[in-house]
**Q** 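Below you'll find the structure I mean.
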Amino acid sequence: MELPTIQQTLFVLFTSYLMKWLMPKLMALLKGDKKTVEIHEKEWKKDVVYLYQFPRSTHMPSMSPFSLKLETWLCANDIKYEVRPTWTQRSSKGQIPFIELNGEHFADSQLIINMLSRKFDKEDTKILTQSQMGTARAVDRLIEGSFVKQVHFSFTLLHRFDAIVAFKYLDHLPDLISGETMGLKWVPRVVTDVAAMFAKPAFAKKLYAQGFGRLTREEQIEQARLDLQAIADVMGKNKFILGDEPHAVDFTLFGHFATFYYLPFDVVLKRMVRDEFPSLLDHMERMKERFWPDWNKHLAA
Ligand SMILES: N[C@@H](CCC(=O)N[C@@H](CS)C(=O)NCC(=O)O)C(=O)O
């Protein structure tokens with residue numbers, strides 16, 4: 001093994017020191033439950049959604065499952081929208097994605113979809129039975145609440161979740177936040193490696209506190225498998241979760257699955273979906289083909 005040069009060692013030490021000092025300040029700037037937020041698009045056009053999300057990444061239109069869910073839903077429902085890429089802006093809830101519509105700010109992908117469904121007359125309640133609505137909600141929460149449990153980290157753009165934290169973030173953090181994956185090829189790998197080194201213990205700690213981190217690897221995989229099986233069982237032979245057409249819950253599934261499946265490295269969940277749950281893989285590919293026929297055009301160069 002080649003030892004690092006003095007310059008490389010000094011660079012890593014200096015970057016680590018800088019990050020430690022800079023991160024809390026940066027987070028204080030980005031986060032916070034601000035009651036009112038500024039409207040960025042002053043010259044808005046009526047009924048056009050301005051979608052604020054992270055800039056395009058190299059392997060998928062958005063690294064954020066919530067953004068990919070929302071943008072795919074907008075495409076599917078023929079709602080006029082314009083993407084406003086940003087690394088720094090945040091919603092009234094301190095997160096991304098958020099939208100502006102007719103000079104008003106709206107936060108949280110789920111609440112946004114609910115609000116837009118009402119406004120543009122796209123409500124699932126008009127099509128689905130009450131029992132289907134119940135199933136849709138249960139599957140949606142299974143995906144975002146169990147498979148992808150949200151855990152708040154004080155560090156950066158990346159925070160969360162059960163199986164996803166364990167198998168995507170903890171297993172692959174340096175690759176995941178590398179400039180190459182995020183679409184920021186000019187960021188030196190050493191910088192993102194140092195950032196990963198600092199972030200990883202926080203992910204591990206939260207996952208441990210939440211409980212999933214205390215399970216053995218086999219037990220974690222078993223839990224993830226049960227979640228995947230439950231979704232596959234509800235879908236059965238349908239093309240989409242509740243039938244031949246997609247509803248809001250299909251976009252949740254797509255957003256969360258596509259953002260690990262299309263990563264350029266081997267994630268345990270990817271293997272599970274590919275080898276054990278062909279119907280879920282077909283679902284994802286069907287969604288991608290139907291709503292992102294020009295997927296490659298929406299990737300960072
Ligand atoms: N429940 C929210 C979750 C959004 C979320 O977790 N967004 C992440 C990015 S994927 C975020 O903004 N994190 C805060 C940060 O990075 O500063 C939604 O559905 O919109």
Side-chain angles (χ1 to χ4, degrees), residues 19 22-34 37 40 49-57 59-74 81 83-101 105-117 136-137 139-165 168-169 172-173 176-177 181-184 192 195-196 198-200 202-203 206-207 210 248-263:
M19 298 272 295
L22 203 64
M23 282 325 286
K25 293 187 169 43
L26 206 61
M27 290 318 297
L29 210 75
L30 296 178
K31 281 193 174 293
D33 285 330
K34 292 179 223 123
V37 286
H40 305 290
V49 169
Y50 298 94
L51 170 62
Y52 292 80
Q53 57 182 8
F54 296 137
R56 300 293 191 204
S57 87
H59 303 280
M60 52 199 73
S62 178
M63 291 277 286
S64 158
F66 305 98
S67 298
L68 191 60
K69 161 174 74 167
L70 177 55
E71 188 174 355
T72 312
W73 185 90
L74 289 170
Y81 73 95
V83 171
R84 294 285 183 267
T86 174
W87 286 114
T88 53
Q89 285 156 341
R90 294 291 181 273
S91 71
S92 55
K93 300 188 191 302
Q95 291 186 313
I96 215 159
F98 65 92
I99 66 159
E100 288 171 3
L101 176 66
H105 169 100
F106 299 91
D108 192 291
S109 63
Q110 198 61 60
L111 300 183
I112 294 170
I113 289 179
N114 295 347
M115 181 278 292
L116 293 176
S117 304
R137 175 72 183 171
V139 173
D140 196 282
R141 292 300 91 193
L142 173 77
I143 299 164
E144 289 197 350
S146 163
F147 194 65
V148 184
K149 178 158 294 123
Q150 186 143 335
V151 176
H152 284 277
F153 283 80
S154 54
F155 181 83
T156 98
L157 341 154
L158 307 163
H159 48 87
R160 54 187 69 84
F161 331 112
D162 275 16
I164 302 250
V165 178
K168 177 172 151 184
Y169 291 79
H172 299 284
L173 200 53
L176 191 67
I177 64 168
T181 309
M182 308 260 291
L184 298 167
T192 51
F198 275 94
K200 202 170 164 174
F203 282 82
K206 292 284 178 178
L207 204 58
Q210 180 274 330
V249 60
D250 291 281
F251 297 89
T252 304
L253 184 62
F254 178 70
H256 288 281
F257 275 36
T259 44
F260 69 71
Y261 196 85
Y262 296 112
L263 286 171

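For the single chain, residues carry numbers from 1 onward in sequence order. Atoms within each ligand, like the ligands themselves, are counted from 1 in listed order.
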**Q** Between ligand 1 and Asp108, is the shortest N or O to N or O distance under 3.5 Å?
**A**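 Yes - when backbone and side-chain N and O of Asp108 are compared with those of ligand 1, one distance drops under 3.5 Å.
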
**Q** Between Lys93 and ligand 1, find which residue part has any heavy-atom pair under 4.0 Å and reply side chain, backbone, both or neither.
**A**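 Under 4.0 Å from ligand 1, Lys93 contributes no heavy atoms.
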
**Q** Given the side-chain rings of Tyr52 and His40, with only the six-membered ring counted for Trp, is the space between their centroids under 6.0 Å?
**A**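 Yes; His40 has its ring centre under 6.0 Å from that of Tyr52.
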
**Q** Just to be sure I'm reading this right: ignoring hydrogens, which of Ser62, Ser64, Gly94 gets closest to atom 10 (S) of ligand 1? Compare them by their nearest heavy atoms.
**A**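 Looking at heavy atoms only, Ser64 sits closest to atom 10 (S) of ligand 1.
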
**Q** Answer whether the closest heavy-atom distance between the side chains of Phe106 and Leu116 falls below 4.5 Å.
**A**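 Of all side-chain heavy-atom pairs linking Leu116 with Phe106, none is under 4.5 Å.
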
**Q** Should Val37 and Gln89 count as side-chain neighbours, where that means a heavy-atom distance under 4.5 Å?
**A**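 Heavy-atom side-chain distance check fails, nothing below 4.5 Å.
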
**Q** Would Phe257 and Phe260 count as a close aromatic pair, with their ring centres under 6.0 Å?
**A**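 Phe257 vs Phe260: aromatic centres under 6.0 Å.
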
**Q** Can you list the atoms of ligand 1 that are under 4.0 Å from a heavy atom of Arg90?
**A**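 With Arg90 as reference, the close atoms of ligand 1 come out as 15 (C), 16 (O), 17 (O).
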
**Q** N/O of Ile96 under 3.5 Å from N/O of ligand 1, yes or no?
**A**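 Yes, Ile96 has an N/O under 3.5 Å of an N/O on ligand 1.
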
**Q** Suppose the criterion is salt bridge (Lys or Arg N to Asp or Glu O under 4.0 Å): which pairs have a residue in residues 249-259, not counting sequence neighbours?
**A**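 For residues 249-259, and leaving out neighbouring residues, there are no salt bridge (Lys or Arg N to Asp or Glu O under 4.0 Å) pairs at all.
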
